[in-house]
Amino acid sequence: MKVAERTSMAKEFELFDKMSAHEQVVFCNDPSTGLRAIIAIHNTTLGPALGGCRMQPYNSLDDALEDVLRLSKGMTYKCAAADVDFGGGKAVIIGDPKTDKSPELFRAFGQFVNSLGGRFYTGTDMGTAMDDFIHASKETNFINGLPVEYGGGGDSSIPTAAGVLYGIKATNRMLFGNDELGGHTYAIQGLGKVGFKVASGLLEAGADIFVTDIHQESLQAIEAKASTTAGKVTIISKEDIYSQAADLFVPCAFGGIINDNTIAQFKVKAIVGAANNQLLNDTHGKMLHEKEILYAPDYIVNSGGLIQVADELYGINHERVLAKTKHIYDALLEVFNEANISGKTTEESANQMCEKRIAERAKRNNFYTAPAKPKWSIRNLS
Ligand SMILES: NC(=O)C1=CN([C@@H]2O[C@H](COP(=O)(O)OP(=O)(O)OC[C@H]3O[C@@H](n4cnc5c(N)ncnc54)[C@H](O)[C@@H]3O)[C@@H](O)[C@H]2O)C=CC1
Ligand SMILES: O=C(O)CCC(=O)C(=O)O
């Protein structure tokens, strides 16, 4: 009997079963700074793993591990969908971003990233900011999403929001036969770095939006923005956003928001948003399909940020980033059409497209050539 078969029967080894789809999971512990982090590398067939680092006061190690495993797997699919030569990875730091950050903690994190020797590149995500990674970048070159003055591409939420708006256009084409953003209604959850920019874009196009956020200042800011546009904004409580009658639900806060409870409440025709891992699990994709709610797979819609941070490693070019981000529109229409023809859910169709791309690329890795530099020199390989 093989080791994997023998140990998978024993409860003591169930941690390995949880991580069995992943190439490598690194637990980072630095008592001097209080750093407790997990780095997960899901798959490097397409290239070195790439994915942001989240900081959150997780309730348990299990919660943190589950989050980083799910998020890093999502990055493998996101990289394949965006056709960038990187694999899937992600990191989580266990801690409260308001009280537990320090320059030394991020330096310690940078040392762990460095120890992976280029198998993993990282930068900002929920709970972390570009400034945190300036500290990390003193210990490692494998950091992306740095401010422009530090040689980075700057705020990646700008292309992410642009990509979400392209995703909304593609969805409107499927629903209404045109790409117009205005003239429709949207229920938007979360007005953070991405959500605020998406909401502003919709207001500028003259749309009618319903918004919720737990921060009063963000709500005031979007009302001020609306007063300068042809659009209209209505504030909704965080509980009522799911049952708000609108054409589209636009989740831009956190994952797992498509679940048994919310599906029973939705009155929208489609869901298109920035949040990672929106479906709590695969059955929720099927439930949306049965309810005839069109779901735009999150990792296609929100890939604008990835496109920018990946591009940054070749020497940032914002025009190229925008051109690649526009492809989100075509990629989504391709997935919607494929799902229509095959009868699969949109998530299944998107996953299949990505898995095919990864399998095809794996064949290229079997073709031996002498080591060569990539066409564009990756910063820390030069
Ligand atoms: N920033 C980026 O470029 C990318 C972000 N994403 C995902 O998009 C989502 C949003 O990202 P960011 O805007 O960067 O994060 P953020 O932290 O700036 O914004 C999140 C917003 O959600 C609000 N929020 C939290 N709980 C809420 C609740 N219960 N009800 C309503 N609002 C609530 C927060 O107050 C905040 O304004 C996250 O899931 C992130 O993983 C995905 C790809 C790239
Ligand atoms: O957006 C980024 O900064 C990195 C990419 C990423 O982690 C993501 O798309 O979730």
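Note that ligands are numbered from 1 as they come in the structure, with each ligand's atoms numbered from 1 the same way. Quick caveat: nothing in here was measured; it's all calculated off a predicted structure.
Set against the non-hydrogen atoms of S156, the atoms of ligand 1 under 4.0 Å away are 3 (O). In summary, the atoms of ligand 2 found under 4.0 Å from a heavy atom of K78, numbered by their order in the structure, are 8 (C), 9 (O), 10 (O). Of all the atoms in ligand 2, the ones that sit under 4.0 Å from a non-hydrogen atom of G52 are 6 (C), 7 (O). Interface atoms of ligand 1 facing L191, defined by a heavy-atom separation under 4.0 Å, are 37 (O). The atoms of ligand 2 that sit less than 4.0 Å from any heavy atom of D125 are 7 (O), 10 (O). Atoms of ligand 1 lying under 4.0 Å from any heavy atom of R54, numbered from 1 in the order shown and given with element: 41 (O). Close approach to S157 involves these atoms of ligand 1, each under 4.0 Å from a residue heavy atom: 1 (N), 3 (O). Of all atoms in ligand 2, numbered sequentially from 1 with element shown, those under 4.0 Å from a heavy atom of G305 are 1 (O). Each of the following atoms of ligand 2 lies closer than 4.0 Å to a heavy atom of T124: 3 (O). For ligand 1 and M126, the ligand atoms under 4.0 Å from any heavy atom of the residue are 38 (C), 39 (O).
Look at G51 and you'll find a heavy atom under 4.0 Å from some atom of ligand 2. Distances from ligand 2 to the non-hydrogen atoms of K90 include at least one value under 4.0 Å. Ligand 2 lies within reach of S156, whose nearest heavy atom is under 4.0 Å from it.
In terms of N/O distances under 3.5 Å, ligand 2 is approached by N276. For ligand 1, the polar-atom distance check finds an N/O of K193 within less than 3.5 Å of one of the ligand's N/O atoms.
Between F249 and F266, the distance separating the two ring centers is shorter than 6.0 angstrom. Checked against a 6.0 Å centroid threshold, the rings of F133 and F106 count as neighbours.
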Show the numbers, then the answer: is there a side chain to side chain donor-acceptor pair (under 3.5 Å) between D208 and Y186?
-> CA-CA 7 Å; D208 201 350; Y186 304 87; over 6 Å; no
List the steps and the verdict of side-chain contact (heavy atoms from CB on, under 4.5 Å) for Y299 and N276.
-> CA-CA 7 Å; Y299 62 77; N276 276 314; 5.7 Å; no
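The 12-atom threshold is not exceeded at CD of E66, counting heavy atoms of other residues, nucleotides or ligands nearer than 6.0 Å. Heavy atoms of other residues, nucleotides or ligands lying less than 6.0 angstrom from CD of E292 number 12 at most.
With respect to D62 and K18, a salt bridge is recorded, a charged nitrogen being found less than 4.0 Å from a carboxylate O. E204 has a carboxylate O that lies under 4.0 Å from a charged side-chain N of K225, or vice versa, which qualifies the two as a salt bridge. Taking the charged nitrogens against the carboxylate oxygens, D155 and K193 have no contact shorter than 4.0 Å, which rules out a salt bridge.
Counting heavy atoms closer than 4.0 Å to ligand 2, residue N144 contributes nothing at all. Using a 4.0 Å cut-off between heavy atoms, T160 contacts ligand 1 through its side chain alone, with no backbone atom that close.
Nearest heavy atom pair, residue L105 against residue D100, reads CD1-O, 3.7 Å.
In the candidate list V194, N302, I257, N302 is nearest to atom 43 (C) of ligand 1, counting heavy atoms. Taking each of A274, A253, G273 in turn, the one with a heavy atom nearest to atom 38 (C) of ligand 1 proves to be A253. Taking all heavy atoms of G255, S218, G192 into account, the minimum distance to atom 21 (C) of ligand 1 is reached by G192. Residue nearest to atom 30 (N) of ligand 1, selected from Q308, K238, Q278, E239: K238 (by heavy-atom distance).
Looking from atom 5 (C) of ligand 2 to the surrounding protein, the closest heavy atom is M75 CE, 3.7 Å. Ranking the protein heavy atoms by distance from atom 4 (C) of ligand 2 puts V309 CG2, 3.8 Å first.
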